[in-house]
Amino acid sequence: MEAEPPLYPMAGAAGPQGDEDRLGVPDGPEAPLDELVGAYPNYNEEEEERRYYRRKRLGVLKNVLAASAGGMLTYGVYLGLLQMQLILHYDETYREVKYGNMGLPDIDSKMLMGINVTPIAALLYTPVLIRFFGTKWMMFLAVGIYALFVSTNYWERYYTLVPSAVALGMAIVPLWASTGNYITRMAQKYHEYSHYKEQDGQGLKQRPPRGSHAPYLLVFQAIFYSFFHLSFACAQLPMIYFLNHYLYDLNHTLYNVQSCGTNSHGILSGFNKTVLRTLPRSGNLIVVESVLMAVAFLAMLLVLGLCGAAYRPTEEIDLRSVGWGNIFQLPFKHVRDYRLRHLVPFFIYSGFEVLFACTGIALGYGVCSVGLERLAYLLVAYSLGASAASLLGLLGLWLPRPVPLVAGAGVHLLLTFVLFFWAPVPRVLQHSWILYVAAALWGVGSALNKTGLSTLLGILYEDKERQDFIFTIYHWWQAVAIFTVYLGSSLPMKAKLAVLLVTLVAAAVSYLRMEQKLRRGVAPRQPRIPRPQHKGPLLSHGWVTPCPVGALEVVVGGQVRSVTTLSRLQP
């Protein structure tokens, strides 16, 4: 059997006709230089280009999955630790035995105040931080602050818990604004890599049509929120596998509770001051906190190692070069846009509903009637319902844009009406299945709300110069709503439901009015983004000189070349 010829012919080897190949060109040492160093004759440029952009698309998917998993682990650790910490600190015996006269309730109140009040100032510094550090590094820094909050629980004192809670409050809005910006940018990059052939004759990529990245954005937001809502289930693992073994049953904790649900006042009025049968050992608590700390560190590594940059270096330079004063002012100037003004009620409701799920349904209806030992399972039902329903947002690929957002509002509207007239009886478990159904359905509405709002903002404001400002405004209003709920925690349940109902109706009507204006073609009034002004060392040393027409002249290889903007220069 004859041996197969080698796949890649060796330079200098004799061809089938001795020292000459089939075209009569001499081979070996006498071969022309082009034959030795030229491109491989079977090289397929189109196939290599296709493989290159396929790797780019896979890299974008890797970025989205890493950011989603990092957000899930971060909030799973944060919510789980906070929940376990508040339950332990609520127990009167635990406080007296372990902390004595340290004033732990006062420390907890100041810690919650730091988490809820500090984000009110986030509108002043969030865009500046995102432009200074960059989108990816702002995500990493914020996740690191969450890990810092976890680490301070090894030594629970005023000077550890309260400063870390204030730092955490400062990081909430930057984390969410940078994450929303990051997911939107990944959808735009995926569209760019999927349509890489749409170029003009000079090889410069044309500006894609408005909204062309919307299908990818919808898919990526559904992936992100399906991961994120699982954080509520992950947060219950410390309670299910550790804390539940130390809790009293409902006959002890609910002994003095008289009314639940719509007839209740404040949070768990009449709840027993002692909820722990035995006190957990300090060594066991250290083990649990060490596991949570390891997971928080893993979330930091995911964001650091697997999340790629949102912008190219030259784009980052352009984003920062509009001037720090303009960056500070632009969030306030965007209020001129009627689209944002019409969406503000939905931003506020988005903050109301997520906190109502954790305090209203889980505590006012759930724990108040079926006991603290079932709190974890109620939140798991909410988490799984929300995670599964996040994928329902993919129906927006075929349905009109308002349908998912209005459908989520409709689910919450029906549930709010039902909860307004329902008062479960304390210590009665026959109707506990209704609580699980209500928690899961509320999760469905929450998922449609969060996915719909984030996707809508990414579609309406696809300019890369605006995305961090828009998501900052969105999550700042959410923080304001959460702060309002924190202040009104002692109100009767009927008052909370009434506020929730009025806000929901106002949000749905305002949003539909905005869509009507868009269909009529009413042009929004957007603030002007100043052109980048590059005043770095390149200008001072004469390497780059501004041209009268706004172009730049760059010295490359001893020759002066002109480009339209600095962002055309590839790194």
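As the structure is a prediction and not an experimental result, all values here were calculated from the model. Both backbone and side-chain heavy atoms feed into the values below; hydrogens, waters and symmetry mates do not.
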Task: CD on Glu465 to CD1 on Ile470, rounded to 0.5 Å - done: 12.0 Å

- [ ] Under the side chain to side chain contact (heavy atoms under 4.5 Å, CB included) rule, what do Leu73 and Phe297 come out as? Steps first, then yes or no, please.
- [x] CA-CA 9 Å; Leu73 295 178; Phe297 189 67; over 6 Å; no

Task: Non-hydrogen side-chain atoms of Phe220 and Leu61 separated by less than 4.5 Å - done: yes

Open item on the list: Tell me whether the rings of His229 and Phe232 are parallel (<30°), tilted (30 to 60°) or perpendicular (>60°).
Closed with: parallel

Task: Straight-line distance of Phe469 CZ to Trp476 CH2, nearest 0.5 Å - done: 16.0 Å

Task: Main-chain N/O of Val335 paired with Arg341 side-chain donor or acceptor, under 3.5 Å - done: yes

Open item on the list: Please check: side-chain N/O of Ser226 versus main-chain N/O of Ala222, any donor-acceptor pairing under 3.5 Å?
Closed with: yes

- [ ] Could you tell me which non-hydrogen atom of Leu306 sits nearest to which non-hydrogen atom of Asn63, and how far apart they are?
- [x] O-OD1, 3.1 Å

TODO: Return yes if some donor-acceptor pair links the side-chain N/O of Ser510 with the main-chain N/O of Ala506 below 3.5 Å, else return no.
DONE: no

Open item on the list: Could you check whether any side-chain N or O of Ser231 sits under 3.5 Å from a backbone N or O of Phe227, counting only pairs where one atom can act as donor and the other as acceptor?
Closed with: no

Open item on the list: Parallel, tilted or perpendicular: which one describes the rings of Tyr349 and Phe346, with boundaries at 30° and 60°?
Closed with: perpendicular

TODO: Go through Asp337 and Tyr461 one step at a time and tell me if the side-chain hydrogen bond (donor to acceptor under 3.5 Å, both in side chains) criterion holds.
DONE: CA-CA 11 Å; Asp337 194 335; Tyr461 300 93; 2.7 Å; yes

- [ ] For Ser151 and Leu148, indicate whether the former's side chain and the latter's backbone hold a donor-acceptor pair under 3.5 Å.
- [x] yes

- [ ] Output yes when a side-chain donor or acceptor of Lys136 lies under 3.5 Å from a complementary backbone atom of Leu304, and no otherwise.
- [x] yes

TODO: Look up atom CZ in Phe228 and atom SG in Cys234, then write down how far apart they are to the nearest 0.5 Å.
DONE: 11.0 Å

TODO: Indicate the atoms forming the closest heavy-atom contact of Leu413 with Leu504, along with that distance.
DONE: N-CD2, 3.5 Å

TODO: Give a yes or no answer on whether the side chain of Arg466 reaches the backbone of Pro527 with a donor-acceptor pair at less than 3.5 Å.
DONE: yes

TODO: Step by step, work out the side chain to side chain contact (heavy atoms under 4.5 Å, CB included) result for Ile348 and Val480.
DONE: CA-CA 7 Å; Ile348 296 174; Val480 170; over 6 Å; no

Task: Check: Asp318 side chain, Pro532 main-chain N or O, donor-acceptor pair, under 3.5 Å - done: no

Task: Val499 side chain reached by Thr484 side chain, heavy atoms, under 4.5 Å - done: no

TODO: Could you tell me whether Tyr52 and Tyr196 have their ring centroids closer than 6.0 angstrom?
DONE: no

Task: Parallel, tilted or perpendicular: rings of Phe347 and Tyr474 (30°, 60°) - done: tilted

Task: Between Tyr75 and Tyr78, ring centroids under 6.0 Å - done: yes

Task: Residue pair Gln467 / Asn181: nearest heavy atoms and the distance that separates them - done: OE1-OD1, 2.8 Å

Task: Aromatic centroids of Phe356 and Trp442 separated by under 6.0 Å - done: yes

Task: Shortest non-hydrogen separation from Met186 to Ala310 and the atoms involved - done: CE-CA, 4.0 Å

Open item on the list: Keeping Thr184 on the side-chain end and Gly180 on the backbone end, is there a donor-acceptor pair under 3.5 Å?
Closed with: yes

Can you list, pair by pair, the side-chain donor-acceptor contacts under 3.5 Å of residues 115-125, counting residues two or more places apart and other chains?
unit_1 : atom_1 : unit_2 : atom_2 : d
Asn116 : ND2    : Leu112 : O      : 2.7
Thr118 : OG1    : Gly114 : O      : 2.5
Tyr125 : OH     : Met170 : O      : 2.9

Open item on the list: Less than 4.5 Å apart, side chain to side chain, heavy atoms only: is that true for Ile327 and Val322?
Closed with: yes

Open item on the list: Applying salt bridge (charged side-chain N to carboxylate O under 4.0 Å, His left out) to Glu353 and Lys450, what does each step give before you reach the verdict?
Closed with: CA-CA 10 Å; Glu353 60 90 8; Lys450 297 290 188 297; 2.3 Å; yes

Task: SB check Arg50 Glu47 (cutoff 4.0 Å) - done: yes

Task: From Ser68 atom OG to Ile223 atom CD1, the distance as rounded to the nearest 0.5 Å - done: 7.0 Å

TODO: Report yes if some heavy atom in the side chain of Leu453 is under 4.5 Å from a heavy atom in the side chain of Leu457; otherwise report no.
DONE: no

- [ ] Answer yes or no: is there a donor N or O on one side and an acceptor on the other, between the side chain of Thr451 and the main chain of Ala447, under 3.5 Å?
- [x] yes

Open item on the list: Could you go through His475 and Thr179, starting from their C-alpha distance and side-chain angles, then the distance that decides it, and tell me whether this counts as side chain to side chain contact (heavy atoms under 4.5 Å, CB included)?
Closed with: CA-CA 11 Å; His475 294 291; Thr179 302; over 6 Å; no

Open item on the list: With heavy-atom distances below 4.5 Å as the criterion, would you say the side chains of Val173 and Phe471 are in contact?
Closed with: no

- [ ] Output the distance between atom OG (Ser321) and atom CZ (Arg531), rounded to the nearest 0.5 Å.
- [x] 12.5 Å

- [ ] For Arg525, look at atom CZ and say whether over 12 heavy atoms of other residues, nucleotides or ligands are found less than 6.0 Å away.
- [x] no

- [ ] Report the residues that fulfil side chain to side chain contact (heavy atoms under 4.5 Å, CB included) with Glu462, sequence neighbours left out, ordered by chain and then residue number.
- [x] Gln188, Arg210, His213

- [ ] Please indicate whether Lys56 has more than 12 foreign heavy atoms, meaning atoms of other residues, nucleotides or ligands, lying under 6.0 Å from its NZ.
- [x] no

Open item on the list: Quick one, Asp468 and Thr135 - any side-chain contact, counting heavy atoms below 4.5 Å?
Closed with: no

Task: Heavy-atom check, side chain of Gln236 versus side chain of Gln83, under 4.5 Å - done: yes

Open item on the list: Are more than 12 heavy atoms, taken from residues, nucleotides or ligands other than Glu48, located less than 6.0 Å from that residue's CD atom?
Closed with: yes

TODO: Mind listing the closest non-hydrogen atom pair of Arg131 and Leu319 along with its distance?
DONE: NH1-O, 2.6 Å

- [ ] Supply the atom-to-atom distance Phe224 CZ to Ser454 OG, rounded to the nearest 0.5 angstrom.
- [x] 8.0 Å

Open item on the list: How close do Ala67 and Met139 get, counting heavy atoms only, and between which atoms?
Closed with: CB-CE, 4.0 Å

Open item on the list: I'd like to know if the side chain of Glu515 pairs up with that of Tyr511 as donor and acceptor (distance under 3.5 Å, no hydrogens or angles considered).
Closed with: yes

Open item on the list: Other residues, nucleotides and ligands only: do more than 12 of their heavy atoms fall within 6.0 Å of CZ on Phe332?
Closed with: yes

- [ ] Before giving the answer on side chain to side chain contact (heavy atoms under 4.5 Å, CB included), spell out for Val354 and Gln478 the whole-Å C-alpha distance, their side-chain angles and the decisive distance to 0.1 Å.
- [x] CA-CA 10 Å; Val354 69; Gln478 267 193 338; 5.7 Å; no

TODO: Report yes if the side chains of Phe140 and Met300 come closer than 4.5 Å at any heavy-atom pair, otherwise no.
DONE: yes

Open item on the list: Taking the cut-offs as 6.0 angstrom to the six-membered ring centre and 45 degrees off its axis, would you call Lys464 and Tyr311 a cation-pi pair?
Closed with: no

